[in-house]
Amino acid sequence: MVKTIFIGDVQAGKYDGQEVELMGWVKRSRGSNKIRFVVLRDSTGVIQCVVKKDAIGDESFEQVKGALIESSIKITGMINADERADGGHEMVATSIVIVGSVNPEHPFPITESAMKAADGGETEFLLDNRHLYLRTSRMTAMLQMRSTVFGAIHNYFRDLDFTEYQAPNFVAGAVEGGSTLFEVPYFGKKVYLTQSWQLYAEAAMPALERLYTIAPSFRAEKSRTRRHLTEFWHAEMEVAWATNDEIMSHGEGVVRKIAGDLLENRSTELESIGRDLELVARYADSPYPRMRYDEAIETLQGMGVDVEWGQDLDYSKEKVLTQDFDVPHFLTHYPKIAKPFYHRVDPDEDKYVLCHDLLAPEGYGEIIGGGERTWSEAELLARLDEEGTDKAAYQFYIDTRSYGGVPHGGFGLGVDRVCSWLTGADHIREVIPFPRDSRRVSP
RNA sequence: GCCGAUUUAGCUUAGCUGGUGGAGCGUGGGACUGUUAAUCCCAAGGUCGAGGGUUCGAACCCCUCAAUCGGCGCCA
């Protein structure tokens with residue numbers, strides 16, 4: 001039972017005048033006791049199938065009447081262009097087989113009212129029924145666009161001869177300074193779920209020179225915002241011999257490629273969820289300006305925001321700063337005191353580090369964080385001491401500097417955040433099939 | 001960790017100053033040969049989140065708890 005005919009191709013006119021068999025799910029069914037209109041959906045679209053009692057017989061007609069929403073069926077018939085049908089084509093059925101029926105005592109729970117209430121967002125009910133919500137047109141479009149985003153990232157790096165490289169998800173220590181690690185029992189010991197691929201990537205940097213990954217990262221932050229997940233997909237890269245500017249160019253390059261690929265391959269899906277294509281086109285075509293931290297602070301102070309030099313910029317300040325941006329902006333050269341030890345101190349002015357954040361417009365916040373790494377052994381040891389960090393936990397990391405350290409750097413990109421921003425989603429949960437946050441781990 | 005809000009049928013909701021809970025969708029039955037979220041008629045479906053209190057009487061007022069949602073901090 002290999003399916004070869006898809007509704008999208010039927011609606012494109014590839015099968016006009018031919019008798020074909022379609023396989024799919026009932027999206028809606030209406031009609032009288034002599035004629036029924038079954039709207040069939042598959043992964044590529046929907047088509048109206050006209051089922052006449054005269055043509056298929058009493059028994060089959062009764063079966064069709066009983067095929068509730070989301071019943072799976074195989075339906076055979078003639079394909080015609082017809083103005084009366086949504087999409088411009090319809091099937092006039094000659095036979096129908098119910099493959100998987102739906103029990104009327106437990107009808108498909110995702111109703112029009114449930115969708116309408118969510119209004120593109122999500123309700124508790126839809127989150128509880130996520131496994132069924134996935135098959136709605138909105139979630140289908142989101143998942144298809146998500147796939148395009150992942151593909152764009154792979155293609156960007158592979159086209160530049162980066163090597164895809166995997167790090168362990170069980171780790172012994174933290175990457176970030178914070179205490180946002182998930183603890184996992186491990187044969188009588190405690191280990192943690194990784195927050196980042198970075199430290200292990202730096203270990204492989206002298207071997208591979210240009211490397212990247214797309215992998216889940218885990219953060220035990222009790223954040224309740226539309227930008228946070230506890231399990232998120234992290235696209236990270238590391239490059240030997242690279243400067244902060246070069247790394248930023250890759251960040252800009254990959255994000256613009258993602259926007260471009262979405263525009264090229266998923267414009268139908270973007271429009272179906274109400275996204276303005278001109279915005280996405282601007283993100284694909286425009287250069288992303290670079291602004292130093294000091295300039296951002298001055299700008300904010302000029303706007304009357306209460307902020308002092310040396311503070312990291314939290315979301316409330318990012319939001320004020322980015323509200324007038326029409327494309328993503330890089331923020332560079334943060335104060336050393338605001339960033340962890342692995343950021344390289346600016347040799348020209350040692351109160352800064354050579355790092356960058358990429359801030360998305362429209363209130364979506366930080367989508368990339370990266371920069372040059374502290375690469376000389378002496379500097380790394382000094383920075384760890386300054387922070388009072390226990391060096392024992394980072395011995396393998398220090399070792400990578402002890403044998404031919406070189407300047408290098410990289411960044412981490414929040415893939416779900418990028419999906420959320422580029423699709424214009426109301427919440428990051430909308431772009432991942434089974435979102436995990438501090439309150440929800442099921443379904 | 002902090003702040004705010006919500007909880008009534010499978011779903012979405014109305015419910016006034018406390019006086020025996022209404023509707024739409026969905027489901028079941030009926031009518032209808034071109035419907036577009038089809039339409040029309042009928043029916044079933046509710047210990048009003050849980051527990052306690054006030055009261056002659058509580059979905060409504062008070063207390064405790066729970067679940068969920070939104071926001072902040074932190075970050076991608």
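Within every chain, numbering begins at 1; the chains are lettered A, B, ... in the order of the sequence lines, protein sequences first and strands thereafter.
Between the side chain of Arg417(A) and the base of C75(B), at least one donor-acceptor pair of N or O atoms lies under 3.5 Å. A donor-acceptor contact under 3.5 angstrom links the side-chain atoms of Glu90(A) to the base of G34(B). Side-chain atoms of Ser223(A) and base atoms of G73(B) include a donor and an acceptor less than 3.5 Å apart. Looking at Thr180(A), its side chain has no donor and acceptor atom pair within 3.5 Å of the base of C74(B).
For Arg429(A), whose side chain is taken as the heavy atoms from C-beta onward, the closest listed nucleotide among C69(B), C32(B), C72(B) is C69(B). Residue Asp54(A) has its side chain nearest to U33(B) when only A76(B), C69(B), U33(B) are considered. Looking at the side chain of Arg219(A), the nearest of the listed nucleotides G26(B), G28(B), A76(B) is A76(B). In this structure, of U68(B), G34(B), U35(B), it is U35(B) that holds the atom nearest to the side chain of Arg30(A). Of the candidates G28(B), C75(B), U35(B), C75(B) carries the atom nearest the Arg227(A) side chain, counting heavy atoms from C-beta on. With U27(B), U68(B), G70(B) as the candidates, the nucleotide lying closest to the side chain of Leu68(A) is U27(B).
Proximity of a side-chain donor or acceptor of Glu271(A) to a complementary backbone N or O of Thr268(A) within less than 3.5 Å is not detected.
Taking the centre and axis of the six-membered ring of Tyr334(A), the NZ or CZ atom of Lys339(A) falls inside the cone set by 45° and 6.0 Å. The cationic atom of Arg130(A) (NZ for Lys, CZ for Arg) does not lie both less than 6.0 Å from the six-membered ring centre of Phe434(A) and within 45° of the ring axis.
Residue contacts for His106(A): at a heavy-atom cut-off of 4.0 Å it reaches no nucleic acid atom on any strand shown. When heavy atoms are screened at a 4.0 angstrom cut-off, Phe108(A) is found touching no nucleic acid atom at all. Contact annotation for Glu105(A): no contact, since no heavy-atom pair falls under 4.0 Å across all strands. Using a 4.0 Å heavy-atom cutoff across all strands shown, Ser316(A) reaches sugar-phosphate atoms only and no base atom. Residue Gly412(A) is classed as a sugar-phosphate contact, given heavy-atom separations below 4.0 Å to backbone atoms only. At the heavy-atom level, Lys53(A) lies nowhere under 4.0 Å from the strands shown. Residue Asp357(A) is out of contact with every strand shown, counting any heavy-atom pair closer than 4.0 Å. The residue Phe37(A) sits close to a base: some heavy atom pair falls under 4.0 Å. Contact annotation for Arg439(A): base contact, defined as any heavy-atom pair under 4.0 Å involving a base atom.
Note on ring orientation: taking the six-membered ring where Trp is involved, the planes of Trp421(A) and Tyr283(A) are tilted (angle from 30° to 60°).
Rounded to whole Å, the distance from CD1 on Ile110(A) to C1' on U12(B) is 13 Å. Look at CG on Leu229(A): it is 14 Å from P on A76(B), rounded to the nearest Å. Going from atom CZ of Phe125(A) over to atom P of A9(B) covers 12 Å, rounded to whole Å. Rounded to an integer number of Å, the gap from Arg224(A) CZ to U6(B) C1' is 12 Å. The nearest whole Å value for the distance from the CZ atom in Arg226(A) to the P atom in G73(B) is 13 Å. Rounded to whole Å, the distance from NE2 on His343(A) to P on A76(B) is 8 Å. Distance CD (Glu70(A)) to P (U27(B)): 12 Å, rounded to an integer number of Å. The CD-P distance, from Glu221(A) to C74(B), rounds to 10 Å in whole Å.
For the C1' atom pair drawn from C16(B) and G73(B), the interatomic distance equals 42 Å after rounding to whole Å. For the C1' atoms, the distance from A67(B) to G49(B) is 8 Å, rounded to whole Å.
Side-chain N/O atoms of Asn33(A) include one lying less than 4.0 angstrom from OP1 or OP2 on U33(B). Distances shown here put every side-chain N or O of Arg28(A) at or beyond 4.0 Å from the OP1 or OP2 atom of A37(B). OP1 or OP2 of G1(B) has at least one side-chain nitrogen or oxygen of Lys222(A) nearer than 4.0 Å. Residue His427(A) places at least one side-chain N or O under 4.0 Å from the OP1 or OP2 atom of G70(B). Using a 4.0 Å cut-off, no side-chain N or O of Ser196(A) falls inside it from OP1 or OP2 of A76(B).
Aromatic rings of Tyr212(A) and His250(A) (six-membered ring for Trp) have centroids beyond the 6.0 Å cut-off, not under it. Aromatic ring centroids of His154(A) and Tyr156(A) lie 6.0 Å or more apart.
RNA chain B is contacted by both Glu366(A) and Gly31(A); Gly31(A) maps to the nucleotide lying nearer its 5′ end (nearest heavy atom per residue).
By the 4.0 Å N-to-carboxylate-O rule, Arg429(A) lies close enough to Asp437(A) to be salt-bridged with it.
Glu252(A) pairs by the side chain to side chain donor-acceptor pair (under 3.5 Å) definition with Arg256(A), not counting sequence neighbours.
For the pair Phe232(A) and A76(B), the ring geometry qualifies as stacking, because the centroid separation is below 5.5 Å while the planes lie within an angle under 30°.
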